[in-house]
There are 2 protein chains.
Amino acid sequence: MKPKISDVAKRAGVSPTTVSRVLNNRGYISEETKTRVHQAMKDINYFPNDVARSLFNKRTNVIGLIFPTVANPFFGELTFYIENICTKLGYKVLLCNSLNRVDEEEKYVEMLMRNQVDGIIVGTHNRGIINYHKEHLAVVAIDRNLSETIPVVSSDNYEGGKLATELLLKKGCHHIVHLNGPAELETPAKFRRKAYEDVMRQSGKEPITYEIPATFDRRSQQGIIEQLFDEQVNVDGIFASDDVIAASVLREAKRRGRDVPSDLKVVGYDGTEVTQTLLPELTTIKQPVEQIAQQSVELLLQAIEGKFGELPLETKLPVQLLEGSTT
Amino acid sequence: MKPKISDVAKRAGVSPTTVSRVLNNRGYISEETKTRVHQAMKDINYFPNDVARSLFNKRTNVIGLIFPTVANPFFGELTFYIENICTKLGYKVLLCNSLNRVDEEEKYVEMLMRNQVDGIIVGTHNRGIINYHKEHLAVVAIDRNLSETIPVVSSDNYEGGKLATELLLKKGCHHIVHLNGPAELETPAKFRRKAYEDVMRQSGKEPITYEIPATFDRRSQQGIIEQLFDEQVNVDGIFASDDVIAASVLREAKRRGRDVPSDLKVVGYDGTEVTQTLLPELTTIKQPVEQIAQQSVELLLQAIEGKFGELPLETKLPVQLLEGSTT
DNA sequence: CTGAAAGCGCTTACAG
DNA sequence: CTGAAAGCGCTTACAG
């Protein structure tokens, strides 16, 4: 059996109350008792049971993370930073990969509620579920508009879309196509699309957007990309919704004998460390991943402390154009 | 206030005991009571508190994951699969990214213990800590020998190292260098090195291994790679310890005007989806990531159920050579 | 078929 | 400075 507080108490010859006080450094305790208790804890290799503590305190110091998949470099890196920051601040991270499937997300949210997490950071697209439980839940969204009252942290998507599109124009592209997630998702990524469309129209060009399903399913992504090449035979510039998609575009281009960048120019989005290492040639818009993590956690902790009204509903962080050799 | 079982009981006009029974589907309850209780739960939007349940049951259904960093595609993908499998089986995942730092791992293990996780899957190198707590802990290691009694799941590292080295030889390389983690870590990856050395010696060549620090620190990785190129001026084949390192090698080769594959051939290790998409040219040894996840979770659950003696201490899963254009 | 009581391991007023 | 009691929200013998 694992030792408990009463075992420590017995061995130190004090009451459980006193052991608890030593543990929490609360109230006055004589140095001598303190030492005896500490020694007893060591002797029997005692560790406090945080489950019991949480039950009493109504505070678990656990936060839930719901992302499509940490297998994607952007979410992997984001999760890494968030977890690190949380650990430093005494919070633990319960991880959920929903692949953007609505039914999964529903189950995850319920699971997190049952486990009494103090808050949730969400990077998936589902609006309804969170709202439903809102009263009891501190929530921050990353790059998703979940509701009118949930703070959103994101990169400056409009600026990113603008930088990407302007670069392609500057480099002489005439027939530029954009790949983006489904329009109905209402994510701030729609501002990437908006920027693309604005810039295109300003220079008298017709914007064309192909929509990639949100399910992170390679096959359907590949399908859309092939469709794009099939239908847009004159395409000479592609602004992809993320770097992995951009990589698939490069691959398909190669397969079709299109030379990059002379024949076709490609810009991605995200610019994670891994992408930068594996595919440094890719021109991309770099999101400030660590800053996004930092801001999200900070806002969430404030929400947990009950400072709802004072939280900024929108936090836009600066992007950076990284020019490689695909443009 | 969140509703609790007694609130449900009051509204349904029964005792808390009965509500608990309905919740757990235990014992005989009249259909009518069941319906009334369910209705009451709906009415007041009741969710069971799993913290209280865990306290009573001495079972949290949480498992801890300790990996260097989910920002690395291999661990990101592995974590994705593990989390998905766990969720299907009713387990939740508490995530820890230690970057292989021993002091962090120590803190993480203690944190997981305090949180009464049912088991831990470890993919970091530290031996001591886990042993210390062993009595109370179900543990499975991925690609790490943590102790003589902890089951290890890994890809067939020897076979992988053999395939990689033999391919480089077959392609006509004379001066092949291997990059691997620190030898003192005692990970099964040392069999990659062993295979490399065996194959080299069998063909009358001198094996040369450069050691990459385990800290996932780009700068020091880059330092070693530059050192390799500086010192091994005739190098015409490199077998890297993972795909990200291999990508850095390719980059450095380019910087130095070495043409791949005519001038220098490169083989990586891991072959994750992301690598395959971002850098399909890379020849690599593909680990069966999903199988590794599946096996690890299965073994851990068996360990949790107390079946220690019967567990295989070594599970080696088959690798696959993926030939790209870097060899 | 249903309920009152005790207890999971901890903490915090309250009393001394 | 220290301890006995009550309670966090749940579950499970035990009794009826």
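Proteins get letters first, then strands, A, B, ... in listed order; numbering begins at 1 in each.
- Note on B:Val51: nothing from the nucleic acid sits closer than 4.0 angstrom, heavy atoms only.
- Listed nucleotides: D:dG3, D:dC8, C:dT11. Nearest to the side chain of A:Val14: D:dG3.
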| With Watson-Crick and G-U wobble geometry limited to distances under 3.5 Å, how should the secondary structure of DNA chain D be encoded in dot-bracket form, using | for bases paired to another strand and [ ] for crossing pairs? | |||.||||||||.|||
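- For A:Glu110 and A:Lys107, the salt-bridge test fails: no basic side-chain N is under 4.0 Å from an acidic carboxylate O.
- Formation of a donor-acceptor pair under 3.5 Å by the B:Asp143 side chain with backbone atoms of B:Ser154 is not found in this model.
- Residue B:Asn24 has its side chain nearest to D:dT11 when only D:dT11, C:dT2, C:dC8 are considered.
- Between the side chains of B:Thr87 and B:Glu83, at least one donor N or O sits under 3.5 Å from an acceptor N or O.
- Here B:Ser20 does not reach the OP1 or OP2 of D:dT12: none of its side-chain N or O atoms lies under 4.0 Å away.
- In the model, A:Gln291 has no side-chain atom that pairs as donor or acceptor with a side-chain atom of A:Gln295 under 3.5 Å.
- Closest to the side chain of B:Ile5, out of C:dT2, D:dC8, D:dT11, is D:dT11.
- Of the candidates D:dC10, C:dT11, C:dG9, D:dC10 carries the atom nearest the B:Phe56 side chain, counting heavy atoms from C-beta on.
- Here C:dG3 is the nucleotide among D:dG9, C:dG3, D:dT11 with the atom lying nearest to any side-chain atom of B:Ser15.
- B:Phe74 meets the ring pair (Phe, Tyr, Trp, His ring centres under 6.0 Å) test with no other residue; sequence neighbours excluded.
- A:Lys88 has no carboxylate O lying under 4.0 Å from a charged side-chain N of A:Glu298, or vice versa, which leaves the two without a salt bridge.
- Side-chain nitrogen and oxygen atoms of B:Lys58 include at least one within less than 4.0 Å of the OP1 or OP2 phosphate oxygen of C:dG9.
- Scored by the salt bridge (Lys or Arg N to Asp or Glu O under 4.0 Å) test, A:Glu290 finds no partners at all (sequence neighbours excluded).
- OP1 or OP2 of C:dC10 has at least one side-chain nitrogen or oxygen of A:Tyr46 nearer than 4.0 Å.
- If you check every strand for non-hydrogen atoms under 4.0 Å, A:Arg21 touches a base.
- Taking side-chain N and O atoms only, A:Arg53 has no distance below 4.0 Å to OP1 or OP2 of C:dG9.
- At the heavy-atom level, B:Ile29 lies under 4.0 Å from the strands shown only through sugar-phosphate atoms.
- Counting non-hydrogen atoms under 4.0 angstrom, B:Thr17 reaches a base of the nucleic acid.
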